[in-house]
2 protein chains.
Amino acid sequence: MPLPKPTPSELDILRVLWRHGPATVRAVHEQLGGGYTTYLKLLQIMAEKGLVTRTEADRAHIYRAVPSEHEVQTSLLGDLMQRAFGGSAAQLALRALETRRSSREELAQLRAMLDNYEQELTAPAGAMDDTTDQSKENKA
Amino acid sequence: MPLPKPTPSELDILRVLWRHGPATVRAVHEQLGGGYTTYLKLLQIMAEKGLVTRTEADRAHIYRAVPSEHEVQTSLLGDLMQRAFGGSAAQLALRALETRRSSREELAQLRAMLDNYEQELTAPAGAMDDTTDQSKENKA
DNA sequence: GACTCTCTACGAAGATCTTCGTTGACACTA
DNA sequence: TAGTGTCAACGAAGATCTTCGTAGAGAGTC
(Lines give C-alpha, C1' and ligand atoms only; values in the text may rest on other atoms or scores of the structure.)
Protein backbone atom coordinates (compact mmCIF):
# COMPACT_ATOMS: atom_id res chain seq x y z
CA MET A 1 0.00 0.00 0.00
CA PRO A 2 1.38 3.38 -0.97
CA LEU A 3 0.02 5.55 1.81
CA PRO A 4 -2.40 4.86 4.63
CA LYS A 5 -5.80 6.51 4.65
CA PRO A 6 -5.71 9.61 6.86
CA THR A 7 -7.87 9.49 9.97
CA PRO A 8 -10.42 12.28 10.48
CA SER A 9 -8.01 14.42 12.50
CA GLU A 10 -5.23 13.79 10.05
CA LEU A 11 -7.50 14.85 7.25
CA ASP A 12 -8.18 18.13 9.05
CA ILE A 13 -4.47 18.76 9.16
CA LEU A 14 -3.94 17.81 5.54
CA ARG A 15 -6.65 20.24 4.55
CA VAL A 16 -4.81 23.02 6.32
CA LEU A 17 -1.58 22.08 4.56
CA TRP A 18 -3.30 21.94 1.18
CA ARG A 19 -4.88 25.32 1.64
CA HIS A 20 -1.99 27.15 3.26
CA GLY A 21 0.99 25.24 1.97
CA PRO A 22 3.82 23.97 4.19
CA ALA A 23 3.36 25.02 7.78
CA THR A 24 4.74 24.72 11.28
CA VAL A 25 2.98 22.96 14.11
CA ARG A 26 2.04 26.34 15.50
CA ALA A 27 0.40 27.45 12.28
CA VAL A 28 -1.65 24.27 12.08
CA HIS A 29 -2.62 24.56 15.70
CA GLU A 30 -3.72 28.15 15.22
CA GLN A 31 -5.90 27.17 12.29
CA LEU A 32 -7.58 24.32 14.09
CA GLY A 33 -7.67 25.25 17.77
CA GLY A 34 -7.22 22.75 20.60
CA GLY A 35 -3.97 21.83 22.28
CA TYR A 36 -0.67 22.63 20.68
CA THR A 37 0.92 19.31 21.54
CA THR A 38 -2.04 17.47 20.10
CA TYR A 39 -1.10 18.68 16.65
CA LEU A 40 2.58 18.20 17.31
CA LYS A 41 1.88 14.58 18.12
CA LEU A 42 -0.41 14.09 15.18
CA LEU A 43 2.12 15.59 12.80
CA GLN A 44 4.83 13.34 14.20
CA ILE A 45 2.63 10.32 13.64
CA MET A 46 1.74 11.51 10.17
CA ALA A 47 5.42 11.90 9.39
CA GLU A 48 6.00 8.30 10.47
CA LYS A 49 3.16 7.17 8.24
CA GLY A 50 4.52 9.16 5.34
CA LEU A 51 1.51 11.47 5.09
CA VAL A 52 3.73 14.51 5.62
CA THR A 53 7.43 15.25 5.36
CA ARG A 54 9.24 17.76 7.45
CA THR A 55 12.28 19.93 7.10
CA GLU A 56 13.97 21.87 9.84
CA ALA A 57 14.14 25.55 9.15
CA ASP A 58 15.46 27.64 11.98
CA ARG A 59 14.12 25.98 15.12
CA ALA A 60 10.63 25.02 14.13
CA HIS A 61 9.96 22.15 11.74
CA ILE A 62 8.08 22.78 8.55
CA TYR A 63 5.56 20.13 7.55
CA ARG A 64 4.38 19.46 4.01
CA ALA A 65 1.51 17.28 2.82
CA VAL A 66 2.74 14.31 0.81
CA PRO A 67 -0.43 13.09 -0.94
CA SER A 68 -2.33 15.61 -3.03
CA GLU A 69 -5.90 16.49 -2.15
CA HIS A 70 -6.97 14.75 -5.32
CA GLU A 71 -5.23 11.53 -4.32
CA VAL A 72 -6.78 11.49 -0.89
CA GLN A 73 -10.23 12.24 -2.22
CA THR A 74 -9.90 9.40 -4.69
CA SER A 75 -8.69 7.05 -2.03
CA LEU A 76 -11.42 7.83 0.50
CA LEU A 77 -14.06 7.77 -2.14
CA GLY A 78 -12.87 4.46 -3.54
CA ASP A 79 -13.03 3.05 -0.09
CA LEU A 80 -16.56 4.21 0.55
CA MET A 81 -17.58 3.07 -2.91
CA GLN A 82 -16.46 -0.45 -2.10
CA ARG A 83 -17.81 -0.55 1.42
CA ALA A 84 -21.19 1.07 0.93
CA PHE A 85 -22.03 1.12 -2.76
CA GLY A 86 -20.94 -2.29 -3.95
CA GLY A 87 -18.27 -0.64 -6.07
CA SER A 88 -20.66 1.40 -8.21
CA ALA A 89 -19.34 4.88 -8.88
CA ALA A 90 -22.53 5.93 -10.61
CA GLN A 91 -24.69 4.84 -7.70
CA LEU A 92 -22.49 6.85 -5.44
CA ALA A 93 -22.59 9.90 -7.67
CA LEU A 94 -26.34 9.63 -7.92
CA ARG A 95 -26.72 9.50 -4.19
CA ALA A 96 -24.39 12.45 -3.76
CA LEU A 97 -26.38 14.62 -6.13
CA GLU A 98 -29.59 13.55 -4.53
CA THR A 99 -28.40 14.93 -1.22
CA ARG A 100 -27.48 18.48 -2.02
CA ARG A 101 -28.12 21.12 -4.56
CA SER A 102 -25.18 22.08 -6.73
CA SER A 103 -24.28 25.16 -8.66
CA ARG A 104 -25.01 25.53 -12.32
CA GLU A 105 -21.32 25.39 -13.24
CA GLU A 106 -20.82 22.20 -11.34
CA LEU A 107 -23.76 20.63 -13.08
CA ALA A 108 -22.41 21.73 -16.44
CA GLN A 109 -19.06 20.23 -15.56
CA LEU A 110 -20.73 16.99 -14.63
CA ARG A 111 -22.70 16.98 -17.83
CA ALA A 112 -19.55 17.49 -19.85
CA MET A 113 -17.98 14.56 -18.09
CA LEU A 114 -21.02 12.42 -18.80
CA ASP A 115 -20.86 13.37 -22.49
CA ASN A 116 -17.28 12.30 -22.47
CA TYR A 117 -17.99 8.95 -20.95
CA GLU A 118 -20.89 8.11 -23.13
CA GLN A 119 -18.81 8.90 -26.13
CA GLU A 120 -16.10 6.59 -24.93
CA LEU A 121 -18.65 3.87 -24.36
CA THR A 122 -19.99 4.30 -27.87
CA ALA A 123 -16.66 4.46 -29.66
CA PRO A 124 -14.24 2.56 -27.45
CA ALA A 125 -10.44 2.84 -27.57
CA GLY A 126 -9.02 3.98 -30.91
CA ALA A 127 -11.30 4.60 -33.93
CA MET A 128 -11.57 8.27 -33.09
CA ASP A 129 -11.85 11.17 -35.50
CA ASP A 130 -11.78 14.36 -33.50
CA THR A 131 -14.25 14.61 -30.66
CA THR A 132 -12.70 11.91 -28.49
CA ASP A 133 -9.71 14.17 -28.21
CA GLN A 134 -11.36 15.48 -25.08
CA SER A 135 -9.68 12.60 -23.37
CA LYS A 136 -6.57 14.69 -23.13
CA GLU A 137 -8.34 16.90 -20.63
CA ASN A 138 -7.26 14.78 -17.74
CA LYS A 139 -5.94 17.15 -15.14
CA ALA A 140 -2.58 17.07 -13.34
CA MET B 1 -28.33 12.43 16.53
CA PRO B 2 -30.73 9.91 15.09
CA LEU B 3 -28.40 6.98 14.59
CA PRO B 4 -24.63 6.67 14.85
CA LYS B 5 -22.58 6.02 11.74
CA PRO B 6 -21.86 2.30 11.45
CA THR B 7 -18.21 1.30 11.76
CA PRO B 8 -16.68 -0.73 8.91
CA SER B 9 -17.50 -4.06 10.53
CA GLU B 10 -20.97 -2.91 11.39
CA LEU B 11 -21.48 -1.87 7.80
CA ASP B 12 -20.50 -5.36 6.67
CA ILE B 13 -23.19 -6.76 8.90
CA LEU B 14 -25.79 -4.24 7.77
CA ARG B 15 -25.06 -5.18 4.19
CA VAL B 16 -25.80 -8.80 4.96
CA LEU B 17 -29.05 -7.85 6.65
CA TRP B 18 -30.07 -5.63 3.74
CA ARG B 19 -29.36 -8.33 1.20
CA HIS B 20 -30.74 -11.31 3.09
CA GLY B 21 -33.31 -9.72 5.34
CA PRO B 22 -33.56 -10.42 9.07
CA ALA B 23 -31.05 -13.01 10.20
CA THR B 24 -29.63 -14.85 13.18
CA VAL B 25 -26.10 -14.40 14.45
CA ARG B 26 -25.24 -17.72 12.86
CA ALA B 27 -26.46 -16.65 9.44
CA VAL B 28 -24.46 -13.45 9.58
CA HIS B 29 -21.41 -15.31 10.73
CA GLU B 30 -21.73 -17.81 7.93
CA GLN B 31 -21.94 -15.05 5.37
CA LEU B 32 -18.91 -13.20 6.66
CA GLY B 33 -16.59 -15.83 8.12
CA GLY B 34 -14.45 -15.27 11.22
CA GLY B 35 -15.43 -16.08 14.78
CA TYR B 36 -19.04 -16.66 15.71
CA THR B 37 -18.83 -14.69 18.93
CA THR B 38 -17.31 -11.77 17.09
CA TYR B 39 -20.58 -11.25 15.26
CA LEU B 40 -22.62 -11.99 18.32
CA LYS B 41 -20.78 -9.22 20.13
CA LEU B 42 -21.03 -6.82 17.23
CA LEU B 43 -24.74 -7.42 16.88
CA GLN B 44 -25.23 -6.86 20.60
CA ILE B 45 -23.38 -3.57 20.34
CA MET B 46 -25.33 -2.60 17.26
CA ALA B 47 -28.55 -3.34 19.11
CA GLU B 48 -27.43 -1.02 21.91
CA LYS B 49 -26.66 1.68 19.37
CA GLY B 50 -30.00 1.19 17.70
CA LEU B 51 -28.56 0.06 14.37
CA VAL B 52 -30.45 -3.22 14.62
CA THR B 53 -33.42 -4.53 16.55
CA ARG B 54 -33.88 -8.09 17.64
CA THR B 55 -36.73 -10.40 18.36
CA GLU B 56 -36.52 -13.77 20.02
CA ALA B 57 -37.89 -16.51 17.87
CA ASP B 58 -37.41 -19.97 19.26
CA ARG B 59 -33.99 -19.92 20.87
CA ALA B 60 -31.95 -17.83 18.50
CA HIS B 61 -32.47 -14.09 18.22
CA ILE B 62 -33.38 -12.58 14.89
CA TYR B 63 -31.70 -9.31 14.02
CA ARG B 64 -33.06 -6.69 11.65
CA ALA B 65 -31.34 -3.64 10.21
CA VAL B 66 -32.92 -0.41 11.43
CA PRO B 67 -31.59 2.19 8.98
CA SER B 68 -32.18 1.57 5.29
CA GLU B 69 -29.26 1.16 2.95
CA HIS B 70 -30.26 4.46 1.41
CA GLU B 71 -30.08 6.27 4.72
CA VAL B 72 -26.69 4.89 5.58
CA GLN B 73 -25.30 5.71 2.18
CA THR B 74 -26.56 9.25 2.49
CA SER B 75 -25.11 9.60 5.95
CA LEU B 76 -21.67 8.26 5.10
CA LEU B 77 -21.55 10.24 1.92
CA GLY B 78 -22.58 13.46 3.64
CA ASP B 79 -19.86 12.90 6.13
CA LEU B 80 -17.19 12.40 3.52
CA MET B 81 -18.54 15.32 1.55
CA GLN B 82 -18.00 17.60 4.51
CA ARG B 83 -14.67 16.20 5.55
CA ALA B 84 -12.96 15.85 2.20
CA PHE B 85 -14.85 17.84 -0.39
CA GLY B 86 -15.65 21.06 1.40
CA GLY B 87 -19.32 20.16 1.22
CA SER B 88 -19.54 20.07 -2.56
CA ALA B 89 -21.70 17.22 -3.80
CA ALA B 90 -20.84 17.91 -7.41
CA GLN B 91 -17.12 17.83 -6.75
CA LEU B 92 -17.60 14.53 -5.05
CA ALA B 93 -19.70 13.13 -7.86
CA LEU B 94 -17.18 14.31 -10.38
CA ARG B 95 -14.36 12.63 -8.56
CA ALA B 96 -16.35 9.45 -8.25
CA LEU B 97 -17.04 9.26 -11.95
CA GLU B 98 -13.45 10.06 -12.73
CA THR B 99 -12.37 7.00 -10.83
CA ARG B 100 -14.31 4.24 -12.45
CA ARG B 101 -16.19 3.44 -15.55
CA SER B 102 -19.91 3.04 -15.24
CA SER B 103 -22.54 1.23 -17.21
CA ARG B 104 -24.61 2.89 -19.86
CA GLU B 105 -27.77 2.62 -17.77
CA GLU B 106 -26.14 4.23 -14.82
CA LEU B 107 -24.94 7.09 -16.95
CA ALA B 108 -28.40 7.54 -18.39
CA GLN B 109 -29.82 7.62 -14.89
CA LEU B 110 -27.32 10.25 -13.91
CA ARG B 111 -28.11 12.29 -16.97
CA ALA B 112 -31.78 12.17 -16.17
CA MET B 113 -31.06 13.40 -12.70
CA LEU B 114 -28.97 16.22 -14.07
CA ASP B 115 -31.77 17.23 -16.42
CA ASN B 116 -34.04 17.30 -13.46
CA TYR B 117 -31.78 19.51 -11.42
CA GLU B 118 -31.09 21.95 -14.18
CA GLN B 119 -34.78 22.28 -14.73
CA GLU B 120 -35.28 23.06 -11.07
CA LEU B 121 -32.52 25.60 -11.21
CA THR B 122 -34.10 27.26 -14.21
CA ALA B 123 -37.64 27.28 -12.85
CA PRO B 124 -37.27 27.32 -9.06
CA ALA B 125 -39.90 26.46 -6.46
CA GLY B 126 -43.53 26.80 -7.49
CA ALA B 127 -44.46 27.73 -11.11
CA MET B 128 -44.56 24.06 -12.02
CA ASP B 129 -46.66 22.36 -14.65
CA ASP B 130 -46.02 18.67 -14.35
CA THR B 131 -42.42 17.59 -14.29
CA THR B 132 -41.51 19.14 -10.98
CA ASP B 133 -44.04 16.88 -9.34
CA GLN B 134 -41.16 14.48 -8.84
CA SER B 135 -40.39 16.42 -5.71
CA LYS B 136 -42.89 14.29 -3.89
CA GLU B 137 -40.52 11.36 -4.22
CA ASN B 138 -38.77 12.21 -1.00
CA LYS B 139 -38.07 8.98 0.81
CA ALA B 140 -39.40 7.86 4.15
C1' DG C 1 24.11 32.98 35.52
C1' DA C 2 19.02 32.81 36.35
C1' DC C 3 14.46 33.58 33.89
C1' DT C 4 11.45 33.07 30.34
C1' DC C 5 9.80 31.60 25.61
C1' DT C 6 9.40 28.46 22.08
C1' DC C 7 10.22 24.37 20.34
C1' DT C 8 10.48 19.03 20.11
C1' DA C 9 10.17 14.52 22.35
C1' DC C 10 8.08 11.14 25.33
C1' DG C 11 4.68 8.78 27.38
C1' DA C 12 0.34 8.03 29.28
C1' DA C 13 -4.71 8.05 29.62
C1' DG C 14 -9.22 7.51 27.84
C1' DA C 15 -12.26 6.27 23.95
C1' DT C 16 -13.61 3.23 20.44
C1' DC C 17 -13.19 -0.88 17.54
C1' DT C 18 -12.31 -5.63 16.72
C1' DT C 19 -11.70 -10.17 18.00
C1' DC C 20 -12.47 -14.13 20.80
C1' DG C 21 -12.24 -17.32 24.97
C1' DT C 22 -15.01 -18.80 28.59
C1' DT C 23 -19.17 -19.57 30.98
C1' DG C 24 -23.73 -20.88 31.76
C1' DA C 25 -28.51 -21.86 30.05
C1' DC C 26 -31.29 -24.92 27.52
C1' DA C 27 -32.59 -28.84 24.85
C1' DC C 28 -31.95 -33.16 22.66
C1' DT C 29 -30.22 -37.97 22.90
C1' DA C 30 -28.06 -42.35 24.10
C1' DT D 1 -28.69 -39.01 33.97
C1' DA D 2 -24.52 -38.02 31.67
C1' DG D 3 -22.97 -36.31 27.32
C1' DT D 4 -23.21 -33.29 23.23
C1' DG D 5 -24.63 -29.10 20.61
C1' DT D 6 -26.34 -24.58 20.14
C1' DC D 7 -27.07 -20.30 21.84
C1' DA D 8 -26.53 -15.66 24.46
C1' DA D 9 -23.84 -13.11 27.90
C1' DC D 10 -19.66 -11.40 29.77
C1' DG D 11 -15.22 -9.90 29.99
C1' DA D 12 -10.75 -9.16 28.42
C1' DA D 13 -6.99 -8.25 25.27
C1' DG D 14 -4.88 -5.85 21.54
C1' DA D 15 -5.09 -2.17 18.06
C1' DT D 16 -5.82 2.48 16.77
C1' DC D 17 -7.14 7.30 17.57
C1' DT D 18 -7.22 11.44 20.14
C1' DT D 19 -5.78 14.43 23.55
C1' DC D 20 -2.48 16.37 26.56
C1' DG D 21 0.82 16.84 30.59
C1' DT D 22 5.49 16.96 31.50
C1' DA D 23 10.29 17.19 30.51
C1' DG D 24 14.24 18.89 28.30
C1' DA D 25 16.92 21.60 24.72
C1' DG D 26 18.12 25.96 22.77
C1' DA D 27 17.90 31.09 22.31
C1' DG D 28 17.18 35.57 23.92
C1' DT D 29 16.94 38.96 28.15
C1' DC D 30 17.87 41.11 32.62
Side-chain angles (χ1 to χ4, degrees), chain A residues 1 3-17 20 22-65 67 72 75-76 79-80 82-84, chain B residues 1 3-17 20 22-65 67 72 75-76 79-80 82-84:
Chain A
M1 195 188 301
L3 278 183
K5 266 189 327 141
T7 66
S9 304
E10 289 171 347
L11 183 55
D12 288 341
I13 291 180
L14 285 176
R15 279 163 67 77
V16 169
L17 297 180
H20 293 64
T24 60
V25 174
R26 180 147 306 276
V28 169
H29 155 250
E30 274 162 8
Q31 280 297 310
L32 297 174
Y36 174 89
T37 52
T38 298
Y39 294 102
L40 173 62
K41 182 62 156 188
L42 280 171
L43 280 163
Q44 286 170 348
I45 292 172
M46 289 170 78
E48 277 172 28
K49 291 183 180 176
L51 287 171
V52 297
T53 56
R54 67 180 192 185
T55 58
E56 317 202 1
D58 223 350
R59 294 230 292 126
H61 295 175
I62 309 274
Y63 291 85
R64 286 158 216 275
V72 169
S75 153
L76 294 176
D79 203 68
L80 187 60
Q82 283 313 310
R83 295 196 297 104
Chain B
M1 195 187 304
L3 277 183
K5 267 190 324 142
T7 67
S9 305
E10 289 171 348
L11 182 55
D12 288 342
I13 292 179
L14 285 176
R15 278 162 68 76
V16 169
L17 297 180
H20 294 63
T24 60
V25 174
R26 178 147 309 274
V28 170
H29 156 250
E30 274 161 9
Q31 280 296 311
L32 296 174
Y36 172 89
T37 51
T38 298
Y39 294 102
L40 172 62
K41 182 63 156 185
L42 280 171
L43 281 163
Q44 284 170 349
I45 292 173
M46 289 170 76
E48 277 172 27
K49 291 183 181 175
L51 288 171
V52 297
T53 57
R54 68 182 191 182
T55 58
E56 317 201 1
D58 223 351
R59 293 232 291 127
H61 295 176
I62 308 274
Y63 290 87
R64 288 157 214 274
V72 170
S75 153
L76 293 176
D79 202 68
L80 187 59
Q82 282 314 311
R83 295 195 301 101

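Since the structure is predicted, the reported quantities are computational estimates derived from the model, not experimental observations. Note on naming: letters A, B, ... go to the chains in the order of the sequence lines (proteins, then strands), and numbering restarts at 1 for each one. Only this structure's heavy atoms are used, side chains among them; waters, hydrogens and symmetry mates stay out.
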Sort me out a list of protein N/O and nucleotides 5-7 of chain D N/O pairs below 3.5 Å, or just none if empty.
unit_1: D:dT6; atom_1: O2; unit_2: B:R59; atom_2: NH2; d: 2.5
unit_1: D:dC7; atom_1: OP2; unit_2: B:R26; atom_2: NE; d: 2.3
unit_1: D:dC7; atom_1: OP2; unit_2: B:R26; atom_2: NH2; d: 3.0

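Of the residues in residues 38-52 of chain B, those lying under 4.0 Å from DNA chain D by heavy-atom distance are B:L40, B:K41, B:Q44.
Scanning for ring pair (Phe, Tyr, Trp, His ring centres under 6.0 Å) contacts around B:H61 gives an empty result, with sequence neighbours left out. Legend: residues meeting side chain to side chain contact (heavy atoms under 4.5 Å, CB included) with A:Q31, ordered by chain and number and at least two apart, are A:V16, A:R19, A:H20. In this structure, the side chain to side chain contact (heavy atoms under 4.5 Å, CB included) partners of A:T38, at least two apart in sequence or on a different chain, are A:L42. Among residues two or more places apart in sequence or in another chain, the side chain to side chain contact (heavy atoms under 4.5 Å, CB included) test is passed with B:R59 by none. For the side chain to side chain contact (heavy atoms under 4.5 Å, CB included) test, residues two or more places apart in sequence or in another chain that qualify with B:R83 are A:P8, A:L11, B:D79, B:L80.
The salt bridge (Lys or Arg N to Asp or Glu O under 4.0 Å) analysis of residues 43-55 of chain B, with sequence neighbours excluded, yields the pairs B:E10-B:K49. Every pair tested for ring-ring contact (aromatic ring centres under 6.0 Å, His included) that includes a residue from residues 38-59 of chain A fails, sequence neighbours excluded, so the list is empty.
Side-chain N/O atoms of B:T37 include none lying less than 4.0 angstrom from OP1 or OP2 on C:dG21. For B:T7 and C:dT16, the shortest distance from a side-chain N or O to OP1 or OP2 is not below 4.0 Å.
Across its full length, the helix from C:dG1-D:dC30 to C:dA30-D:dT1 shows an angle of 30° between the axes of its 5 terminal pairs at either end, rounded to 10 degrees.
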